[in-house]
Each structure stands twice: as C-alpha cells, then as structure tokens.
Amino acid sequence: MATSFDDWMAGARPRTLWTAITPVLVGTAAADAAGASHFLFSILALGVGLALQVGVNFANDYSDGVRGTDVDRIGPDRLVATGKATPSAVKAAALGSFGVAAVLGLALVALSGYWWLLGVGLVAIVAAWYYTGSERPYGYAGWGEVSVFVFFGPVATLGTMYTQAGRVTWWAVLASFALGLWAVAMLLVNNIRDIETDAAAGKRTLAVRVGDFRARQLYAASVSLPLILSVLIAFAQPWVLITLLLLLPVGLLVLGMRLRVGAALKPLFLGTSAVGLVYGCLLAVGIAL
C-alpha cells in the first residue's frame, strides 16, 4: 500500500519543527539589534533548520524501525515500525531532507561569505544521522539532550546571527542557551514517557541512565532556566522581560511533569512545544524592540 501524504506529514513530526524556527527568529532579531539583519539570509537559515529537523525525524524513524526498537512505542506511530512506508523510502526521505539542507546551507554560506561555516553544517548533518543511525548511536548512549542543546541552541541561533551581523554578542549567547534548553525539555518529555520501553529495547537515553526522578528534575530545570536567562539578557535588551509572562505556564508544565506518567505525558509534550514556541517568539520580539 502506498504511503499517503498524511502519513509522510505525520512522519515529519511537524509538532517538533518549532525548535528549528525559534532560533532563526531570535538570531535574526539579534542581528537586527546589532544593526545588520538580512531577510534572505533569514529565509535560507530557516530552510536549513527545517530541512535538518525533518531529516533527523525521518532518520530516527528509519534507524529505530529497522532495529525494531519502536515496536512497543507509547508515542506517535512511526512509518517503518507500522509498515506505512518501507525502510528504503524513509531513508531516502531523510537523505533528501539532508540534501535540501546542504544546498540551502551552501547558498547561505556563499552569499554571506563565511565559508568556514560549511564545516559547521557538515557536522550538523553528520550529527543528525548518527543520532540513531550508526552501529553505536550516541542517542542510545544518553547524549541526545547534549546534541539538541548545542544544535538547536547556540549553533542555530548564533549561526543565524553571525551570517547576518558578522559577530555575536554575550546576550545572544545567553538567548541561544535558553532556546537550547527548551529543545532539551521537548526531548526529555519523550524520553521520560518512553523510559520503560527504551530500557527494554536497550536504548540508554539520558532518562534511562539517570532514572525517572532525576530526569523529571532536569525537565523542570530546562523549562525554568530560560526565564532566569531572560532576566540576565534584560540588562542589555530590557524588553525580553516580556517572556516572564510565561511564569504561570512554565509552573504548570513543572507541575504536570510531577503528576503525569507514561502515555499521560502526551499533553505535556504539546504544552512544552506550545510554551517553548511562545517563549522563542517573545524573546525575539523583546530583542527586536
């Protein structure tokens, strides 16, 4: 049976794509604050981020599917594990997405003139594939949160700013840390939800390694620290204090993480995505004002 368009869209996991959007928004706002924003460069950076995120989602679907580690999955169905698409088709979709990211990244580097960033892009693509796509995937060894923090935080945010402004600022670094922490929080929700099935499948995610209680503490820190970082950023960009409007939603996320287990964490994933997206948008607006 042919894979439907809806199946491919679900496989791309659109609810995770905000982690690729907010770094570009904040990076562009930071470049504008430095007096050097560039619309075309922003669009290219956004395309790179989205293509990489879609690519890693398909790559994870493929790698986990062929290993059989998604059979007892609590979360959303995967294409390979459910038989909705063949492994070769999903692998091709992943590689195609990485190819799009590479082409757009090459265009961005060529137009900006910062050719050394090609190396950063290559590392990002390799990291995206090897997250689950090697004989010893680092995502199975507890390093997934580190990877998403680095690539959806400093790399994406500061890379966007640098291609436009030619420099980065201390407060932009803090902003990139805040966005990286939100990406970590999103991954932690998934890994805490799947802690039992991942352990049974031999996936030693960070949640499996540190245990349920400490993983939940890490989640609470990941959604709370961005607000503290906002206060520090406000010394240079006072309007970013508008992100403190999210104190109540963040508190509810922390409470929800304490009370929910297993499949009941699904609303928390949606809530984390929503609050993370709003935080990134408010941060960008606060920097731009």
Side-chain angles (χ1 to χ4, degrees), residues 11-13 16 19-20 48-49 51-83 85-102 105 118-156 159 180-181 183-216 218-219 222 269:
R13 300 187 68 192
T16 67
T19 58
V48 171
L52 281 175
Q53 178 64 62
V54 170
V56 76
N57 288 340
F58 282 135
N60 292 345
D61 191 310
Y62 164 76
S63 298
D64 287 345
V66 296
R67 284 191 178 92
T69 56
D70 274 344
V71 175
D72 296 320
R73 180 178 174 82
I74 297 176
D77 288 341
R78 295 287 187 89
L79 294 171
V80 175
T82 59
T86 64
S88 60
V90 176
K91 182 179 182 180
L95 295 178
S97 298
F98 293 146
V100 171
L118 282 178
V120 177
L122 178 61
V123 171
I125 292 175
V126 171
W129 177 259
Y130 279 89
Y131 179 73
T132 57
S134 69
E135 293 183 1
R136 299 181 64 182
Y138 68 86
Y140 285 14
W143 292 99
E145 284 77 5
V146 174
S147 179
V148 300
F149 174 82
V150 170
F151 289 104
F152 291 108
V155 170
L181 286 168
V184 168
M186 183 186 71
L187 182 58
L188 278 170
V189 174
N190 279 344
N191 288 343
I192 293 169
R193 179 198 65 203
D194 297 336
I195 194 168
E196 292 185 2
T197 55
D198 282 347
K203 297 169 68 172
R204 299 283 294 171
T205 64
L206 182 62
V208 172
R209 293 174 71 90
V210 304
D212 183 86
F213 178 72
R214 289 185 179 180
R216 291 172 186 268
L218 287 173
Y219 172 85
S222 296
F269 175 85

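Values in this document were obtained by computation on a predicted structure and should not be read as measured data. Just the heavy atoms: all of them, side chains too, but no hydrogens, waters or symmetry mates, feed the values below.
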Quick one: side chains of residues 52-59, donor-acceptor pairs under 3.5 Å with protein atoms, not counting sequence neighbours, listed by atom name and distance.
residue	atom	partner	partner atom	Å
Gln53	OE1	Thr19	OG1	3.1
Gln53	NE2	Asn57	OD1	3.1
Asn57	ND2	Ala12	O	2.8
Asn57	ND2	Thr16	OG1	3.0
Asn57	ND2	Gln53	O	3.3

Nearest 0.5 Å please: distance from the CG atom of Asn191 over to the CG atom of Asp212.
12.0 Å

Ser88: partners by side chain to side chain contact (heavy atoms under 4.5 Å, CB included), with sequence neighbours left out
Thr86

Mind listing the closest non-hydrogen atom pair of Arg13 and Asn190 along with its distance?
NH2-ND2, 3.2 Å

Euclidean distance, Lys203 NZ relative to Asp64 CG, rounded to 0.5 Å:
4.0 Å

Taking ring-ring contact (aromatic ring centres under 6.0 Å, His included) as the test, write out the residues that go with Phe269, two or more places apart.
none

Taking side-chain hydrogen bond (donor to acceptor under 3.5 Å, both in side chains) as the definition, give me every residue that meets it alongside Tyr219, ordered by chain and number, with sequence neighbours left out.
Thr272

Measure the CZ-CG distance between Phe149 and Leu187 for me, rounded to the nearest 0.5 Å.
13.5 Å

State the CG-CD distance between Leu181 and Glu145, to the nearest 0.5 angstrom.
11.5 Å

Between the CG atom in Leu218 and the CZ atom in Phe213, the distance rounded to the nearest 0.5 Å is 10.5 Å

Show which side-chain atoms of residues 124-132 pair as donor or acceptor with protein atoms under 3.5 Å away, not counting sequence neighbours.
residue	atom	partner	partner atom	Å
Trp129	NE1	Gly133	O	3.0
Thr132	OG1	Asn60	OD1	2.9

Output all residues satisfying side-chain hydrogen bond (donor to acceptor under 3.5 Å, both in side chains) with Ser222, sequence neighbours left out; order by chain, then residue number.
none

Sorted by chain and number, sequence neighbours left out, side chain to side chain contact (heavy atoms under 4.5 Å, CB included) with Val100 holds for Ala51, Leu104

Checking side chain to side chain contact (heavy atoms under 4.5 Å, CB included) for the pair Tyr140/Asp198: CA distance, chi angles, key distance, verdict?
CA-CA 9 Å; Tyr140 285 14; Asp198 282 347; over 6 Å; no

Could you tell me which residues satisfy side chain to side chain contact (heavy atoms under 4.5 Å, CB included) with Val80, sequence neighbours excluded, listed by chain and number?
Asp61, Pro87, Val90

Who are the side chain to side chain contact (heavy atoms under 4.5 Å, CB included) partners of Arg204, not counting sequence neighbours?
Val208, Arg209

